[in-house]
Asks: 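Have a look at the structure that comes next, please.
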Amino acid sequence: MLLHTLNRSPLSPVLDQALAGMGPEDRLLLIEDGVIGALPAQQARYASVAGRVFALHEDLVSRGLLALCDEAVRVVDIEGFVALTEECERTVSWY
């Protein structure tokens, strides 16, 4: 199981590359501008990884998006980020 971190908005072609590179048990953590993907209007883009999408709390807060986050996205803080890295054998960063 790998942890994929994505710091690009869902409008970036990098999202498609990240999703194509994910295995059936891999997890996706949205960070920085990637947290825009946590909005309900974006959830169709993440259908292939439903239930395995996380968003960093601090980045949601800094962009004023925390209250708008879709309920299907699991919000994690820095400690949760660390826990995800410990659970997964490797981290792949998509920039």
Side-chain angles (χ1 to χ4, degrees):
M1 170 177 33
L2 302 178
L3 174 63
H4 297 259
T5 61
L6 177 67
N7 78 336
R8 299 290 182 130
S9 89
L11 301 176
S12 170
V14 175
L15 170 61
D16 294 328
Q17 295 169 1
L19 293 174
M22 290 184 66
E25 294 184 17
D26 292 354
R27 296 174 181 177
L28 178 64
L29 176 63
L30 305 174
I31 61 172
E32 300 171 6
D33 287 342
V35 299
I36 296 167
L39 299 175
Q42 300 298 323
Q43 289 312 293
R45 305 265 340 252
Y46 299 92
S48 65
V49 292
R52 298 181 286 139
V53 179
F54 299 80
L56 191 61
H57 178 270
E58 289 79 357
D59 289 334
L60 287 166
V61 169
S62 71
R63 287 160 178 78
L65 300 177
L66 183 61
L68 303 174
C69 185
D70 190 271
E71 62 186 36
V73 176
R74 294 189 254 180
V75 177
V76 295
D77 58 11
I78 293 295
E79 288 86 17
F81 187 169
V82 171
L84 283 169
T85 62
E86 291 174 342
E87 291 171 12
C88 298
E89 61 183 78
R90 284 186 301 136
T91 300
V92 178
S93 299
W94 297 92
Y95 294 98

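No experiment lies behind these values; they were computed from the predicted model shown.
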Asks: Would a hydrophobic clustering, with Ile, Leu, Val, Met, Phe, Trp and Tyr connected at side-chain separations under 4.5 Å, put L19 with L6?
Replies: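 Yes; tracing contacts between hydrophobic side chains, which count when under 4.5 Å, links both residues.
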Asks: L2 versus C88: any side-chain heavy-atom pair under 4.5 Å?
Replies: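 They are not in side-chain contact.
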Asks: If you compare all heavy atoms of D33 against all heavy atoms of R63, which two are closest, and at what distance to 0.1 Å?
Replies: OD1-NE, 3.1 Å
Asks: Is it the case that one hydrophobic cluster holds both L30 and Y95, taking links as side-chain heavy atoms less than 4.5 Å apart, direct or via other members?
Replies: no
Asks: Indicate yes or no for a side-chain donor-acceptor contact from R8 to the backbone of L15 under 3.5 Å, with no hydrogens or angles considered.
Replies: no
Asks: Please tell me if the side chains of L3 and F81 come closer than 4.5 Å, counting only heavy atoms from C-beta onward.
Replies: yes
Asks: Could you tell me whether a side-chain N or O of Q43 sits under 3.5 Å from a main-chain N or O of G37, the two making a donor and an acceptor?
Replies: yes
Asks: Without swapping roles, check the side chain of D77 against the backbone of H57 for a donor-acceptor pair under 3.5 Å.
Replies: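 Answer holds: no.
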Asks: Are there more than 12 heavy atoms of other residues, nucleotides or ligands under 6.0 Å from atom CD of E71?
Replies: no
Asks: With a 3.5 Å distance limit and no angle check, can you tell me whether R52 reaches the backbone of S48 through a side-chain donor-acceptor pair?
Replies: yes
Asks: When hydrophobic residues are tied together by side-chain contacts of less than 4.5 Å, even through go-betweens, does L66 share a cluster with L68?
Replies: yes
Asks: Hey, any chance V35 and V61 share a hydrophobic cluster, counting ILVMFWY side chains that come within less than 4.5 Å of each other, even indirectly?
Replies: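 Shared cluster, yes.
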Asks: Between M1 and E87, which heavy-atom pair has the shortest distance, and what is it?
Replies: CE-O, 3.8 Å
Asks: Has the side chain of S62 got a donor or acceptor atom that lies under 3.5 Å from a matching backbone atom of D59?
Replies: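 Present.
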Asks: Can you tell if the side chain of D26 reaches within under 4.5 Å of the side chain of V49, non-hydrogen atoms only?
Replies: no
Asks: Could you tell me the separation between the CD1 atom of I31 and the CH2 atom of W94, rounded to the nearest 0.5 Å?
Replies: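 With rounding to 0.5 Å, CD1 (I31) is 13.5 Å from CH2 (W94).
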Asks: Given L60, which of I36, L65, V73 fulfils the side chain to side chain contact (heavy atoms under 4.5 Å, CB included) condition?
Replies: L65
Asks: Quick one: closest heavy-atom pair of V75 and C69, and the distance?
Replies: CG2-SG, 3.8 Å
Asks: Apply the side chain to side chain contact (heavy atoms under 4.5 Å, CB included) test between T85 and each candidate in L29, T5, T91; give the one that qualifies.
Replies: T91
Asks: Starting at CE of M22, measure out to OH of Y46 and round the result to the nearest 0.5 Å.
Replies: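 Result: 10.5 Å between the selected atoms.
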